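The structure displayed is predicted, hence computed values, not measured ones.
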Amino acid sequence: MANIKSAKKRVLVQAKKAAQNKAVKSNLKTVLKQTNAAIENNAENKAEMVQLAMKKIDQACAKGILHKNSAARKKSTICNLAK
């Protein structure tokens, strides 16, 4: 571990931020898998799942976890599958 107080704090802050980002990314992947399953099975809640997936993608993009082009590509893919 670092010797300087500010460096020690940065290590702790970065670990906390990494855990938060990992949680958001994991949740996003789960929602995307559920949405794809709902689309493939033509489930009743397909439209709701698509809306939820779009929301989660936008939130991840706003937090800087996903690049804006990556987010747009994921949203486009979901829209094309849902049609």
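- Going from atom NZ of Lys5 over to atom CZ of Arg10 covers 14.5 Å, rounded to the nearest 0.5 Å.
- Val31 has its side chain out of reach of Ile57: every pair of non-hydrogen atoms, C-beta onward, lies at least 4.5 Å apart.
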Would you sort out whether Gln59 and Val24 count as a side chain to side chain contact (heavy atoms under 4.5 Å, CB included), showing the intermediate values? CA-CA 9 Å; Gln59 287 176 342; Val24 171; over 6 Å; no
As a quick check of understanding, evaluate side chain to side chain contact (heavy atoms under 4.5 Å, CB included) for Lys74 and Leu66, giving each step before the final call. CA-CA 10 Å; Lys74 288 181 186 297; Leu66 283 180; 4.1 Å; yes
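- Under a 3.5 Å cut-off, the side chain of Thr77 and the backbone N or O of Arg73 do form a donor-acceptor pair.
- Leu81 is not connected to Met49 by any chain of hydrophobic side-chain contacts under 4.5 Å among Ile, Leu, Val, Met, Phe, Trp and Tyr, and they are in different clusters.
- With rounding to the nearest 0.5 Å, the separation of SG in Cys61 from CG in Leu28 is 10.5 Å.
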Using residues 37-44 as the side-chain source, report each donor-acceptor pair under 3.5 Å to any protein atom, sequence neighbours left out, with the distance given to one decimal.
residue, atom, partner, partner atom, Å
Asn41, ND2, Ala37, O, 3.2
Asn42, OD1, Lys46, NZ, 3.2

Before giving the answer on side chain to side chain contact (heavy atoms under 4.5 Å, CB included), spell out for Lys8 and Ile4 the whole-Å C-alpha distance, their side-chain angles and the decisive distance to 0.1 Å. CA-CA 6 Å; Lys8 289 179 183 180; Ile4 299 170; over 6 Å; no
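- Thr30 places a side-chain N or O within donor-acceptor distance of the main-chain N or O of Ser26, the cut-off being under 3.5 Å.
- Few gaps surround CD on Gln20; more than 12 heavy atoms of other groups in view lie less than 6.0 Å from it.
- A donor-acceptor contact shorter than 3.5 Å is absent between the side chain of Thr35 and the backbone of Val50.
- Between Met54 and Ile78, the closest side-chain pair of non-hydrogen atoms falls below 4.5 Å.
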